[in-house]
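All heavy atoms count here, side chains included; hydrogens, waters and symmetry mates do not. Here is how names work: the chains are called A, B, and so on, in the same order as the sequence lines, proteins then strands, and each is numbered from 1.
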Protein chains: 2
Amino acid sequence: MIEGRMETRTAILRAARTLFLERGYAGASVRSVASAAGVDAALPIHYFGTKQALFLEALPSMPDYQPLLEGDPDDLGERFVRYVLEEDGHLRPLYLTLLRASDAGAVGEQLRDLHETTFVAPLESRLAGQDAELRARLAAAVVGGLMYALWVVGDDQLLAKGEDDIIRRYGALLQHLIDDRL
Amino acid sequence: MIEGRMETRTAILRAARTLFLERGYAGASVRSVASAAGVDAALPIHYFGTKQALFLEALPSMPDYQPLLEGDPDDLGERFVRYVLEEDGHLRPLYLTLLRASDAGAVGEQLRDLHETTFVAPLESRLAGQDAELRARLAAAVVGGLMYALWVVGDDQLLAKGEDDIIRRYGALLQHLIDDRL
DNA sequence: AGGCTACATTCAACACTGTTGAATGACCAG
DNA sequence: CTGGTCATTCAACAGTGTTGAATGTAGCCT
């Protein structure tokens, strides 16, 4: 058995992170989280107040795009596309879980916040030319669209066209936005 | 009271369509659908077998993009962007509801199917140049990205930049893909 | 040591969910 | 009038998030 306030809290958080990412928000019950944490069924709510609050606190943080942004600015578009295609399995479940739970108000805010702080803002600071903010936001939409097509819709026939062509074409598209060539 | 097999079925379907679009899949309970239809609580399941089956049957069909595709091919990009921005309120709730319920296998398939038949396929048939299928799929991702940014993330600051600039820039981006100029 | 407080944990219960199967009712053919 | 078909009702099931009271246990003060 687990003892002590902090140990219990973190055990619950760890179990919640795993289960939410594995089964989604609705699919992971509070009781299943509790039992995976080896803890009484009422403790998750007791510690976090609400399933939604537990969900928000349990989610892992977004990967850091900083390394992506720092390289050669002429390859930025390709690097972003490549990153989505070759991602190591951390971003995808987080993205899908957040997406699908985004009708709950607080989750929507969290998603907006992550979008803003981990994507739009750092990208905008790298953009020269006019309408930098607008272009950063549109670039975020373009990248989001790729994740949408691949992960939400599950367009396998797009993937089957070959990653190289996707990287080339979609990367070039993104690069046009980044370079203000439109 | 409602009588007869068909009347009951369609009353349930109508109520389900409204409630699912209004409150989402999880937010609309089977009982609430039944009571909105003025019908016993057990009837929706009795007629459709499962909440998910009712959901799939109740969803309205996707709007028809045919008119969008038929105009001047040089404006296709702008027209698609304009359509998303000025849409009359039918597409958005349908898109969001499907998205958020897409972890259920059958809903995911439905989403993939709609994406394919109402978007990729008709667009592909309009594309000249090489890699038409790839470009059609990427174009679908671009448009999906705009809906994602505006509706899922809720990027109001993007909207605040002015619809005209969005239409111009994002439309031009899409047009590049359509025209095979990359 | 004994009694006390503070607090982590357990338990039982609430209203609600999707789903099921048996009971009820109405209508229509013979 | 009888029997049968079938739409509808009802009660119940296990599971959900959430709550509040009961239980236990650790440590501090006199």
Item to check | Sequence-distant partners of A:D103, side chain to side chain contact (heavy atoms under 4.5 Å, CB included), two or more places apart | outcome: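 For A:D103, the residues satisfying side chain to side chain contact (heavy atoms under 4.5 Å, CB included) (neighbours in sequence not counted) are B:R100.
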Rounded distance (Å) that lies between atom [atom2] of [N] and atom [atom1] of [X]:
X	N	atom1	atom2	value
B:I12	D:dA7	CD1	C1'	11 Å
A:I45	C:dC14	CD1	P	19 Å
B:F20	C:dG18	CZ	C1'	11 Å
A:R23	D:dG15	CZ	C1'	14 Å
A:F55	D:dT16	CZ	P	17 Å
A:H46	D:dA21	NE2	C1'	12 Å

Identify which nucleotide among [options] has an atom closest to any side-chain atom of [X], counting heavy atoms from C-beta outward.
X	options	value
A:L43	C:dT10, D:dG17, C:dG18	C:dT10
B:T8	C:dT10, D:dC10, D:dA7	D:dA7
A:K51	D:dT18, C:dG18, D:dC10	D:dT18
A:A42	D:dG20, C:dG18, C:dT20	D:dG20
A:Y47	D:dT18, C:dA8, D:dT8	C:dA8

Next on the checklist: Between D:dG17 and A:R31, counting only base atoms on the nucleotide and side-chain atoms on the residue, is there a donor-acceptor pair under 3.5 Å?
Outcome noted: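 Indeed, a donor on one side and an acceptor on the other fall under 3.5 Å apart.
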Item to check | 5' precedence on DNA chain D between A:T50 and B:D40 (nearest-nucleotide basis) | outcome: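 Nearer the 5' end of the strand: B:D40.
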Checklist entry - Counting N and O atoms only, with roles assigned by atom type, does the side chain of B:H176 sit under 3.5 Å from a partner on the main chain of B:R181, one being a donor and the other an acceptor? => result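 Yes; at least one donor-acceptor contact below 3.5 Å.
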Checklist entry - Can we say B:E86 and B:R79 salt-bridge, meaning some charged N sits less than 4.0 Å from an Asp/Glu carboxylate O? => result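 Here B:E86 does not pair with B:R79 in a salt bridge, since their nearest N and O are not under 4.0 Å apart.
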Checklist entry - In the hydrophobic cluster built from side-chain contacts under 4.5 Å, what are the other members alongside B:V30? => result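 Traced through the cluster, B:V30 reaches B:I45.
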